K.L.:
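Mind looking over this structure? Questions follow.
Quick caveat: nothing in here was measured; it's all calculated off a predicted structure. Letters go in sequence order (proteins before strands), and every chain restarts at 1.
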2 protein chains.
Amino acid sequence: MKSKYISIIDIAKQLHISKSTVSRALTGHPSVHPETRSRVLELAQKLDYQRNPLALGLARNNTNIIGILVPEIMSTYFPSVIIGAQEVLHEAGYNAIICHNNESYNAEVLNTKLLLSYHVDGIIVSHTKETRNFDHFQMIQRRGIPLVFFNRTSDELNVPHVVVDDYEAAFRAVEHLIKIGRRRIAHLAGPDSLINTKLRQQGYLDALKKHKIPVDPDLVISYDLTLEKVRIYIKHFLELPQPPDALFTINDPTAIAAMEVIRQKGLSIPDDIAVVGFSNDLSARLVSPGLTTVAQPTFEIGREAARLLLQDITSTVKNDYSVKKAPSVMLKTKLIIRESTVMKQGK
Amino acid sequence: MKSKYISIIDIAKQLHISKSTVSRALTGHPSVHPETRSRVLELAQKLDYQRNPLALGLARNNTNIIGILVPEIMSTYFPSVIIGAQEVLHEAGYNAIICHNNESYNAEVLNTKLLLSYHVDGIIVSHTKETRNFDHFQMIQRRGIPLVFFNRTSDELNVPHVVVDDYEAAFRAVEHLIKIGRRRIAHLAGPDSLINTKLRQQGYLDALKKHKIPVDPDLVISYDLTLEKVRIYIKHFLELPQPPDALFTINDPTAIAAMEVIRQKGLSIPDDIAVVGFSNDLSARLVSPGLTTVAQPTFEIGREAARLLLQDITSTVKNDYSVKKAPSVMLKTKLIIRESTVMKQGK
DNA sequence: CTGTTAGCGCCTTCAG
DNA sequence: CTGAAGGCGCTAACAG
């Protein structure tokens, strides 16, 4: 035996029939004698035959493999999205190959090439925080390979995408802080390269505006999401002549890092400073005090992204997004109120 | 154009040479005229040619794909291991396809079949907590496909594996509790199906024995790692006539869940009950009080597993582990002491 | 140094 | 209903 694996040829030989017939029997082609078919099926079963999807892909020019490209897998957010996506993909007979790049743009470009080289049938992407050049994604689209973005999208590119109502979520989060009496609300925002950053920041600004609270530019800082720097920015906030009485951050890790700094400064949360994060990571529930944050429907984001992708893959008419507007899905978030903004009853 | 992708044939045609020559030029075969080679390379570059690894695999009967099979990806443990493994694999020119199964035995079996069908060159596995039957893994070995276990291994099977010193880690964790004066130390253990459970439990028992503390069977419970049940077991412990003054758990999520129950009962950590977990999940640092726990070198576990696997893949002599003992690597752990056992200085 | 041929596993014509 | 032949993209063995 040359290979560890058995092929339709092995079956054909043992049954003294042609491999075409075996292939037909296996794929359920109608014109095969029932008896032949059952003999093939039986032997295949017995030999533990599994067809080689790679060879199939080569012959049919599709692989049934979907690439999922995310910036990281250490938080709970991306793994949950992946799980949701895989659920839908598996159901449809697709398998996923997951790539992560530790937020590195170069790794992202390499990974897209890798996925392309494996002739994936489609790609689901959340780009890195460094990504400002979208040529590699445009190339994918130009080649006619279905592409879906989630969470982090680009307005330069017309790509089907799944997002949450970042603007509204931020708006409501800040409004919550205003309702509990805060007036000097700081915002530690993400990098401008992320569209979410802009939307959440706008939500923040508009909430202040609605409630006639003047915007203090000193209270807004954009940063690159490297947690080590949070200390610097929070210290800066706290040392302002008029320090903030609340903080809204771009994500939960930032909020949690900030809480540590605030506590070390001897300030109390939420009494001196109320804190609100974003995403409802697992850790938001675990820190003490519990972190008020915006919950995202992560599994559903994954499922929707997969659905959008499958639509494009299976659609008979090729959707040309250089002409036609790409579909998008916007999912609802939910503000989870915990002790970092509102003291627990009876404590 | 029939395909979205360009092949060596396209290059060959444009250059009026044979595809073999193109292939040779591309793979760096020595006997190719330098000029021919450079013309090929140039055109390949210009056409953005990427060779199809699937076709390569078909021709060479290897895919350069490694399967990584883990029970879940929502904690920080498995993602870190995966990242470590991929680091080594990528360096060696291999790509990983990651499968997770949400601790379901059936999904695990399906996933191994999936990986086999893709003709992966090797598989790295941490099996589910439900796995008691290892036939599917044995089958992989019998087919001569390199296999490496990590974290969760089986003593029924002779498979190369990477583990940590579970026994010693548990021993030292419990000894730490004894040294801070605890005498009634409870142990919430994992299911018997996991070898780690047994080893950690033995470490627990031996530490007690060494310090001449009688073992109270009421203080040891094995459970199936479904967090919802932690409440029951902890309540049981607390309602014993002589409740424990310390708790050692099989992992961090269990410890954290337990801490919640303990606090709700109005008891103080560590004064009334000191708590030690296992693994040093991200959340161990975030909960309050910080959780004393055993840190595992997760990245290194992944790297070692990948190295072991690559050894088997590249070794010219086929290692037959039905005769020869499989290599194993045992890595050191480190006890991280936090406030769940020892009050912080100056607080 | 280069072209020809065959074959990896599978499907899909095209003839019977 | 079935077999033979061709091709997907690539490499390897064999001639030159």
K.L.:
With a 4.5 Å cut-off on side-chain heavy atoms, are B/V125 and B/F137 touching?
P.N.:
yes

K.L.:
Is the phosphate of C/dT2, meaning OP1 or OP2, less than 4.0 Å from a side-chain N or O of B/T36?
P.N.:
yes

K.L.:
Within the 4.0 Å heavy-atom criterion, would you say B/I17 contacts the bases, only the backbone, or no part of the nucleic acid?
P.N.:
sugar-phosphate

K.L.:
OP1 or OP2 of C/dC11 sitting under 4.0 Å from any side-chain N/O of A/R51?
P.N.:
yes

K.L.:
For A/K19 and A/R24, take the nucleotide of DNA chain D holding the closest heavy atom to each; which residue's nucleotide lies nearer the 5' end?
P.N.:
A/R24

K.L.:
Is the closest side-chain heavy-atom distance between B/L157 and B/Q138 below 4.5 Å?
P.N.:
yes

K.L.:
Does A/S31 place a side-chain N or O at less than 4.0 Å from the phosphate oxygens OP1/OP2 of D/dC1?
P.N.:
no

K.L.:
For a quick check of understanding: with a heavy-atom distance under 4.0 Å over all strands, which category does A/S7 fall into, base, sugar-phosphate or nothing?
P.N.:
sugar-phosphate

K.L.:
Any side-chain N or O of A/T21 under 4.0 Å from OP1/OP2 of D/dT2?
P.N.:
no

K.L.:
Please tell me which of the listed nucleotides, D/dG9, C/dT2, D/dG3, lies nearest to the side chain of A/L58?
P.N.:
D/dG9

K.L.:
Considering every strand and a 4.0 Å limit on heavy-atom distances, what is the contact class for B/S23: base, sugar-phosphate, or nothing?
P.N.:
base

K.L.:
Taking donor-acceptor contacts at under 3.5 Å, does the side chain of B/S20 reach the base of C/dT4?
P.N.:
yes

K.L.:
With heavy-atom distances below 4.5 Å as the criterion, would you say the side chains of A/I66 and A/L309 are in contact?
P.N.:
yes

K.L.:
Output the rounded distance in Å from NE2 (A/H16) to C1' (D/dA4).
P.N.:
18 Å

K.L.:
Output the rounded distance in Å from CG (B/L54) to P (C/dG9).
P.N.:
14 Å

K.L.:
Measure the distance from CD on A/E35 to P on D/dC1 and round it to the nearest whole Å.
P.N.:
12 Å

K.L.:
Can you tell me how far P of C/dC11 sits from CG of A/L26, to the nearest Å?
P.N.:
7 Å

K.L.:
If you compare every side-chain N and O of B/Y5 against the phosphate oxygens of D/dC10 (OP1, OP2), does one of them come in below 4.0 Å?
P.N.:
no

K.L.:
Calculate the interatomic distance between B/I9 atom CD1 and C/dT4 atom C1'; express it in whole Å.
P.N.:
14 Å

K.L.:
Picking from D/dA12, C/dT2, D/dC10, which would you name as closest to the side chain of B/L56?
P.N.:
D/dC10

K.L.:
Using whole Å, what does the distance between atom P of nucleotide C/dC11 and atom CG of A/N62 come to?
P.N.:
11 Å

K.L.:
So, A/S23 side chain and A/K19 main chain: donor-acceptor pair closer than 3.5 Å or not?
P.N.:
no

K.L.:
I'd like to know if A/R303 pairs up with A/E91 as an ion pair, taking the criterion as any Lys NZ or Arg NE/NH1/NH2 lying under 4.0 Å from an Asp or Glu carboxylate oxygen.
P.N.:
no

K.L.:
Expressed as a whole number of angstroms, how long is the span from B/N61:CG to D/dC10:C1'?
P.N.:
13 Å

K.L.:
Could you check how far CD1 of A/I11 sits from P of D/dT2, rounded to whole Å?
P.N.:
15 Å

K.L.:
Let's see if you can work this out: which of C/dT4, C/dC10, C/dC1 has an atom nearest to the side-chain heavy atoms of A/A55?
P.N.:
C/dC10

K.L.:
Between B/F150 and B/H161 (judged by ring centroids, cut-off 6.0 Å), do the two rings come close enough to count as a pair?
P.N.:
no

K.L.:
By nearest heavy atom, map B/A59 and A/V32 onto DNA chain D; which one lands nearer the 5' end?
P.N.:
A/V32

K.L.:
Closest to the B/I8 side chain: C/dT4, C/dC11, D/dC10?
P.N.:
D/dC10

K.L.:
Select one nucleotide: of C/dC10, C/dT2, C/dG3, the one nearest the side-chain heavy atoms of A/N52.
P.N.:
C/dC10

K.L.:
Are OP1 or OP2 of C/dT12 and a side-chain N or O of A/R60 less than 4.0 angstrom apart?
P.N.:
yes

